[in-house]
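Just so you know, these numbers use all the heavy atoms, side chains as well, and skip hydrogens, waters and symmetry mates.
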Amino acid sequence: MKNNTLIHLGLAILRIVPSAFMLTHGYPKLMNLINGNTEFANPFGIGQAPSLFLAVIGEFICPLLMIIGFKTRWAAIPIVITMFVAGFMIHGADPFGTKEKALLYLVVFIVIMLLGPGKYSVDKK
């Protein structure tokens, strides 16, 4: 019983803390989007504004869903994609220390996607 509680507490911490940290990256992007400043990387050639919009979904909207634990596994997918792009495309040629944060987020959200939110979430099972 105690082990099970600790597992669910660990899943909640693993889900909530990195998602809250991710908001610090997504909020400035959201403000840029709202204010019409769409200068942003364009890794797929779809345009700066659509790329910024997708980054806002992956770094602000989905982390909010992760914090409350709503549709957690689905919400992890855009974050994983965004961090993959950041780590391997945007910072691909940079030193490891520059891309390290994106890769750490990538691993954390892959784990959450695989394990789910735990019982301390809206999606509790």
Side-chain angles (χ1 to χ4, degrees):
M1 180 72 149
K2 183 179 179 184
N3 251 355
N4 200 23
T5 301
L6 288 176
I7 289 169
H8 290 288
L9 181 61
L11 286 171
I13 291 168
L14 186 68
R15 177 175 48 83
I16 295 167
V17 173
S19 296
F21 291 166
M22 180 69 73
L23 292 176
T24 67
H25 301 282
Y27 182 75
K29 291 176 179 74
L30 175 66
M31 290 297 102
N32 285 341
L33 187 63
I34 289 171
N35 293 326
N37 177 8
T38 58
E39 264 185 55
F40 196 70
N42 185 15
F44 298 114
I46 61 174
Q48 291 180 327
S51 294
L52 177 59
F53 180 75
L54 291 173
V56 167
I57 290 172
E59 293 183 19
F60 190 79
I61 304 299
C62 289
L64 285 176
L65 296 173
M66 296 287 282
I67 288 170
I68 63 172
F70 181 71
K71 300 294 179 189
T72 306
R73 288 183 166 160
W74 287 104
I77 294 170
I79 302 171
V80 166
I81 292 168
T82 303
M83 292 301 99
F84 182 88
V85 170
F88 292 108
M89 295 179 76
I90 303 300
H91 297 294
D94 294 342
F96 180 75
T98 304
K99 59 180 128 188
E100 180 179 11
K101 193 182 322 179
L103 298 177
L104 283 171
Y105 278 126
L106 174 65
V107 169
V108 166
F109 288 105
I110 286 173
V111 170
I112 294 167
M113 189 171 59
L114 294 173
L115 296 180
K119 73 177 183 179
Y120 303 120
S121 70
V122 174
D123 287 345
K124 63 186 164 200
K125 292 192 180 196

Can you name the closest pair of heavy atoms from M66 and T72 and give their distance?
SD-O, 3.4 Å

Identify whether Y27 and F40 are in the same connected component of the hydrophobic contact network (ILVMFWY, side-chain heavy atoms under 4.5 Å).
yes

When every non-hydrogen atom of S121 is compared with those of G118, the smallest separation belongs to OG-O, 3.0 Å

Please give me the minimum heavy-atom distance between L11 and P117, naming the atom from each residue.
CB-O, 3.9 Å

Spacing of S51 atom OG and K29 atom NZ [to the nearest 0.5 Å]:
12.0 Å

Testing the basics here: between F96 and L103, what is the closest heavy-atom pair and its distance to 0.1 Å?
CE1-CD1, 3.9 Å

If you take all heavy atoms of I67 and R15, which pair is closest and at what distance?
O-NH1, 2.9 Å

Under the side chain to side chain contact (heavy atoms under 4.5 Å, CB included) rule, what do L54 and F44 come out as? Steps first, then yes or no, please.
CA-CA 11 Å; L54 291 173; F44 298 114; 5.8 Å; no

Is any side-chain heavy atom of I57 less than 4.5 Å from a side-chain heavy atom of C62?
yes

With clusters defined by side-chain heavy atoms of hydrophobic residues (ILVMFWY) lying less than 4.5 Å apart, directly or transitively, does M22 cluster with L114?
yes

Is there a donor-acceptor pair under 3.5 Å between the side chain of N42 and the backbone N or O of I46?
yes

To the nearest 0.5 Å, what is the distance between CG (L23) and CD1 (I61)?
9.5 Å

Output for pair (T38 OG1, L52 CG), nearest 0.5 Å, gives 7.0 Å

Show your reasoning for whether side chain to side chain contact (heavy atoms under 4.5 Å, CB included) applies to K101 and M83.
CA-CA 9 Å; K101 193 182 322 179; M83 292 301 99; over 6 Å; no

Output for pair (H91 NE2, E100 CD), nearest 0.5 Å, gives 12.5 Å

Are L115 and L65 linked, directly or through intermediate hydrophobic residues, by side-chain heavy-atom contacts shorter than 4.5 Å (ILVMFWY only)?
no

Calculate, to the nearest 0.5 Å, the distance between atoms CE and CZ belonging to M31 and F60 respectively.
7.0 Å

Spacing of I90 atom CD1 and T98 atom OG1 [to the nearest 0.5 Å]
13.0 Å

Kindly check if the number of other-residue, nucleotide or ligand heavy atoms within 6.0 Å of OH (Y120) is above 12?
yes

Given side chains that start at C-beta, do those of F109 and S19 come closer than 4.5 Å, heavy atoms only?
yes

Show the nearest heavy-atom pair for residues K119 and H8, with the distance to one decimal.
N-ND1, 2.9 Å

Same apolar cluster (I L V M F W Y, side chains within < 4.5 Å links), I68/V17
no

Quick check on the hydrophobic clustering: are I79 and F21 connected, directly or via other members, by side-chain heavy-atom contacts under 4.5 Å?
yes

Is there a donor-acceptor pair under 3.5 Å between the side chain of K99 and the backbone N or O of G92?
yes

